[in-house]
K.L.:
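The structure's right below; bear with me while I get my questions together.
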Amino acid sequence: MQYRRLGKSGLQVSALSFGSWVTFGAQIGDDVAENCMKLAYDRGVNFFDNAETYASGKSEIVMGNILKKMNWDRTSYVLSSKVFWGGKKPNQIGLSRKHVMEACHAALRRLQVDYLDLYYCHRPDPDTPVAETVHAMNVLIQQGKIFYWGTSEWSAERIIEAHTYAEKNNLVGPTMEQPQYNLFHRERFEKEYAPLYEKYGMGTTIWSPLASGMLTGKYNDAAPGNTRMERDDLKWLKERMIGAESGDKIAQVKVFSSLARELGTTPAKLAIAWTLKNPNVSTTILGASKLEQLEETLTSLDALELLTEDVMVKVENIFQTKPA
Ligand SMILES: NC(=O)c1ccc[n+]([C@@H]2O[C@H](COP(=O)([O-])OP(=O)(O)OC[C@H]3O[C@@H](n4cnc5c(N)ncnc54)[C@H](OP(=O)(O)O)[C@@H]3O)[C@@H](O)[C@H]2O)c1
């Protein structure tokens with residue numbers, strides 16, 4: 001495993017990390033979740049990602065039970081949660097001081113830990129002043145309940161507002177962003193966020209490196225079934241990836257899959273290695289519904305050396321998604 005600094009912070013995160021969206025407490029059994037976490041940890045993964053909204057809190061309960069059972073040294077791993085979607089009632093959603101504090105307490109209970117290493121604002125909240133959220137996060141840091149706070153899918157403008165406010169008031173600004181980043185989805189990470197890396201030293205923990213499994217090539221011929229695309233709650237994702245709104249995606253992945261095979265690797269590994277070729281990626285969060293998937297993707301760092309300049313050009317030509 002390779003370890004990278006989370007931006008300018010002193011925290012080291014494994015280049016490959018493991019998350020629980022769709023899977024823990026929903027798509028997969030707790031035994032599969034446990035085996036996946038064990039495998040990840042044994043292979044050097046030190047960051048596990050979660051959120052209050054994943055399976056409506058069940059994902060944190062499952063992960064918390066596994067962490068308790070494994071009894072790994074708490075200093076050996078980095079654990080996260082995210083606040084935003086806690087429920088349907090007013091004050092159960094968003095980034096008010098009330099919800100940020102209450103959601104953190106609830107996540108600590110569900111995960112059965114004393115503190116979270118990383119705590120994210122899962123989306124921007126237009127109805128709460130950024131200053132209120134920055135203050136709430138700083139209170140949690142001072143109380144020792146969280147160590148670093150960050151954002152997920154905020155605009156660069158809003159992140160800069162948070163940094164500016166924090167600097168002026170001697171508070172801790174966001175350490176990391178959690179954006180989507182994969183061969184189909186690059187604009188925000190590579191262009192909009194460009195000023196954040198250098199000027200503010202922000203780290204990134206990127207999500208959906210395989211575009212929800214698309215980039216493995218498993219949808220190249222026919223939908224294989226028994227995947228997240230079949231879930232009723234993810235119909236929008238299916239439309240976007242393999243349905244009416246998918247455009248040329250499958251055709252592109254077919255060419256990409258041939259390239260991977262020519263290079264002696266798999267499309268999944270090549271796509272994940274491609275994210276890590278970007279030095280602004282601190283960690284790429286993997287997802288898996290089966291142990292074999294993780295067995296494969298945890299070896300993705302092997303494919304980094306295959307991404308020569310020549311191959312990078314070929315990849316650009318296939319997807320043509322490089323921001324102008
Ligand atoms: N902050 C945010 O807003 C946000 C949003 C999304 C995700 N995340 C985080 O990022 C993590 C990763 O995102 P993601 O799960 O969307 O990542 P992803 O890598 O794009 O998709 C993972 C899914 O692809 C399929 N897959 C993975 N490896 C495979 C392999 N070797 N062969 C065939 N299929 C394979 C599996 O789904 P099937 O078996 O069902 O096909 C797996 O669950 C999440 O768990 C979560 O922690 C954060």
Side-chain angles (χ1 to χ4, degrees), residues 13 16-29 32-33 36-37 39-40 45 47-55 59-60 62-63 78-85 111 118-124 150-154 174 176-185 188-189 204-220 223-231 233-234 236-238 240-242 249 253 257 260 265-276 281-300 303:
V13 282
L16 296 168
S17 44
F18 185 52
S20 60
W21 179 55
V22 186
T23 50
F24 283 42
Q27 189 189 6
I28 64 177
V32 178
C36 285
M37 277 186 69
L39 177 74
V45 165
F47 167 38
F48 297 101
D49 186 58
N50 220 316
E52 64 167 339
T53 187
Y54 293 171
S59 165
E60 288 175 330
V62 171
M63 194 175 274
V78 171
L79 186 62
S80 79
S81 184
K82 309 185 194 82
V83 49
F84 195 89
W85 294 285
L111 286 161
L118 308 182
Y119 197 39
Y120 295 89
C121 300
H122 211 155
R123 287 296 179 269
T151 56
S152 179
E153 299 291 351
W154 280 28
M176 67 287 172
E177 203 345 272
Q178 186 167 129
Q180 181 177 176
Y181 187 50
N182 57 53
L183 279 158
F184 293 123
H185 195 99
R188 171 164 264 178
F189 189 92
T204 62
T205 63
I206 64 115
W207 59 270
S208 285
L210 294 175
S212 272
M214 262 301 278
L215 288 161
T216 62
K218 69 204 266 184
Y219 298 99
N220 283 0
N226 192 22
T227 74
R228 69 170 61 168
M229 301 294 174
E230 309 305 320
R231 292 179 64 82
D233 54 339
L234 294 176
W236 57 271
L237 184 71
K238 185 174 185 177
R240 205 178 284 172
M241 291 300 169
I242 54 174
K249 284 194 178 77
V253 178
S257 305
T265 187
T266 67
K269 288 171 63 166
L270 198 63
I272 289 166
W274 177 89
T275 63
L276 286 164
V281 172
S282 315
T283 180
T284 293
I285 314 177
L286 305 176
S289 71
K290 295 174 190 68
L291 191 67
E292 309 85 80
Q293 296 176 348
L294 201 58
E295 290 268 10
E296 177 186 355
T297 53
L298 280 172
T299 61
S300 298

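What's counted below: heavy atoms across the whole structure, side chains too, no hydrogens, waters or symmetry copies. Predicted model only: the values in this text are computed from it and were never measured. Numbering of ligands and ligand atoms starts at 1, following listing order.
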K.L.:
Run the numbers for me: atoms of ligand 1, each under 4.0 Å from some heavy atom of Pro209, listed by number.
P.N.:
17 (O), 18 (P), 19 (O), 20 (O)

K.L.:
If you have a sec, work out which protein heavy atom is nearest atom 26 (N) of ligand 1 and how many Å separate them, to one decimal?
P.N.:
Gln293 OE1, 3.5 Å

K.L.:
Consider every N or O of Ile206 and every N or O of ligand 1, then say whether any pair is closer than 3.5 Å.
P.N.:
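By distance alone, the answer is no.
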
K.L.:
Regarding Thr205 and Asp49, is there a side-chain donor-to-acceptor distance under 3.5 Å anywhere?
P.N.:
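Judged by distance alone, the side chains do not pair up.
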
K.L.:
Can you list the atoms of ligand 1 that are under 4.0 Å from a heavy atom of Gly213?
P.N.:
20 (O), 21 (O), 24 (O), 25 (C)

K.L.:
Is Asn226 in polar range of ligand 1, meaning some N or O pair under 3.5 Å apart?
P.N.:
no

K.L.:
I need the nearest protein heavy-atom contact for atom 43 (O) of ligand 1: residue, atom name and distance, please.
P.N.:
Arg228 NH2, 3.1 Å

K.L.:
Tell me whether Glu153 has any N or O atom under 3.5 angstrom from an N or O of ligand 1.
P.N.:
no

K.L.:
Is there side-chain contact between Met176 and Ser282, with heavy atoms separated by less than 4.5 Å?
P.N.:
no

K.L.:
Does the side chain of Met37 come within less than 4.5 Å of Phe18's, by heavy atoms?
P.N.:
yes

K.L.:
Do the non-hydrogen side-chain atoms of Lys82 and Thr53 ever get within less than 4.5 Å of each other?
P.N.:
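No. Closest side-chain heavy atoms not under 4.5 Å.
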
K.L.:
Tell me the protein heavy atom at minimum distance from atom 42 (C) of ligand 1, and give that distance in Å.
P.N.:
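Of the protein heavy atoms, Gly287 O, 3.5 Å lies nearest.
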
K.L.:
Would Glu177 and Thr204 count as having a side-chain donor-acceptor pair, cut-off 3.5 Å?
P.N.:
no

K.L.:
Does ligand 1 have any atom sitting under 4.0 Å from a heavy atom of Arg123?
P.N.:
yes

K.L.:
Nearest heavy atom to atom 38 (P) of ligand 1: which of Lys218, Met229, His122 does it belong to?
P.N.:
Lys218

K.L.:
Considering only heavy atoms of Asp49, which atoms of ligand 1 have at least one such atom less than 4.0 Å away?
P.N.:
9 (C), 46 (C), 47 (O)

K.L.:
Distance to 0.1 Å, residue and atom name: give those for the protein heavy atom nearest to atom 31 (N) of ligand 1.
P.N.:
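Here the closest protein heavy atom is Glu296 OE1, 2.9 Å.
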
K.L.:
Identify, with sequence neighbours excluded, every residue that meets salt bridge (charged side-chain N to carboxylate O under 4.0 Å, His left out) alongside Arg188.
P.N.:
Glu153, Glu192

K.L.:
Can you check whether Thr216 has an N/O within less than 3.5 Å of an N/O in ligand 1?
P.N.:
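So ligand 1 has no N or O lying under 3.5 Å from an N or O of Thr216.
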
K.L.:
I'd like to check which ligand 1 atoms, numbered from 1 as shown, lie under 4.0 Å from a non-hydrogen atom of Gln27.
P.N.:
40 (O)

K.L.:
Identify, by atom number and element, the atoms of ligand 1 in contact range of Ser20, meaning under 4.0 Å from any of its heavy atoms.
P.N.:
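Answer, ordered by atom number: 45 (O), 47 (O).
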
K.L.:
Regarding ligand 1, does Thr227 bring an N or O atom to under 3.5 Å of one of the ligand's N or O atoms?
P.N.:
no

K.L.:
List ligand 1 atoms under 4.0 Å from Ser152, heavy atoms only on the residue side.
P.N.:
1 (N), 2 (C), 3 (O)

K.L.:
Could you tell me the residue and atom name of the protein heavy atom closest to atom 39 (O) of ligand 1, and the distance to it rounded to 0.1 Å?
P.N.:
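Sorting protein heavy atoms by distance from atom 39 (O) of ligand 1 puts Ser289 OG, 2.6 Å first.
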
K.L.:
Numbering the atoms of ligand 1 from 1, which are under 4.0 Å from a heavy atom of Ala288?
P.N.:
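That gives atoms 42 (C), 43 (O) of ligand 1.
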
K.L.:
Please report which non-hydrogen protein atom sits nearest to atom 8 (N) of ligand 1, along with the residue it belongs to and the distance in Å to one decimal place.
P.N.:
Trp207 CB, 3.3 Å

K.L.:
Between Phe18, Trp21, Phe48, flag the one that comes closest to atom 44 (C) of ligand 1 by a heavy atom.
P.N.:
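Looking at heavy atoms only, Trp21 sits closest to atom 44 (C) of ligand 1.
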
K.L.:
With respect to atom 11 (C) of ligand 1, which of Thr266, Thr297, Ile285 exhibits the smallest heavy-atom separation?
P.N.:
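Looking at heavy atoms only, the winner is Ile285.
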
K.L.:
Could you give the side-chain donor-acceptor pairs of residues 284-292 under 3.5 Å, partners two or more places apart or in another chain?
P.N.:
from	atom 1	to	atom 2	distance (Å)
Thr284	OG1	Thr275	OG1	2.9
Ser289	OG	Gln293	NE2	3.4

K.L.:
Checking contacts here: is it the side chain or the backbone of Tyr120 that comes within 4.0 Å of ligand 1, counting heavy atoms only? Could be both or neither.
P.N.:
neither

K.L.:
Ala211 to ligand 1: N or O pair under 3.5 Å?
P.N.:
yes

K.L.:
Could you check whether Trp154 and Tyr120 have their ring centres less than 6.0 Å apart?
P.N.:
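No - the distance between ring centres of Tyr120 and Trp154 does not fall below the 6.0 Å cut-off.
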
K.L.:
Verify the distance criterion only: is there a donor paired with an acceptor across the side chains of Asn50 and Ser59 at less than 3.5 Å?
P.N.:
yes

K.L.:
Within a distance under 4.0 Å of any heavy atom of Gly19, pick out the atoms of ligand 1 and give their elements.
P.N.:
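It comes down to these atoms of ligand 1: 45 (O), 47 (O).
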
K.L.:
Give the residue and atom name of whichever protein heavy atom lies nearest to atom 13 (O) of ligand 1, and the separation in Å to one decimal.
P.N.:
Ser208 N, 3.3 Å

K.L.:
Lys82 near ligand 1, heavy-atom distance under 4.0 Å?
P.N.:
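Heavy atoms of Lys82 do come under 4.0 Å of ligand 1.
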
K.L.:
What protein heavy atom sits nearest atom 21 (O) of ligand 1, and how far off is it?
P.N.:
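For atom 21 (O) of ligand 1, the nearest protein heavy atom is Ser212 CA, 3.5 Å.
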
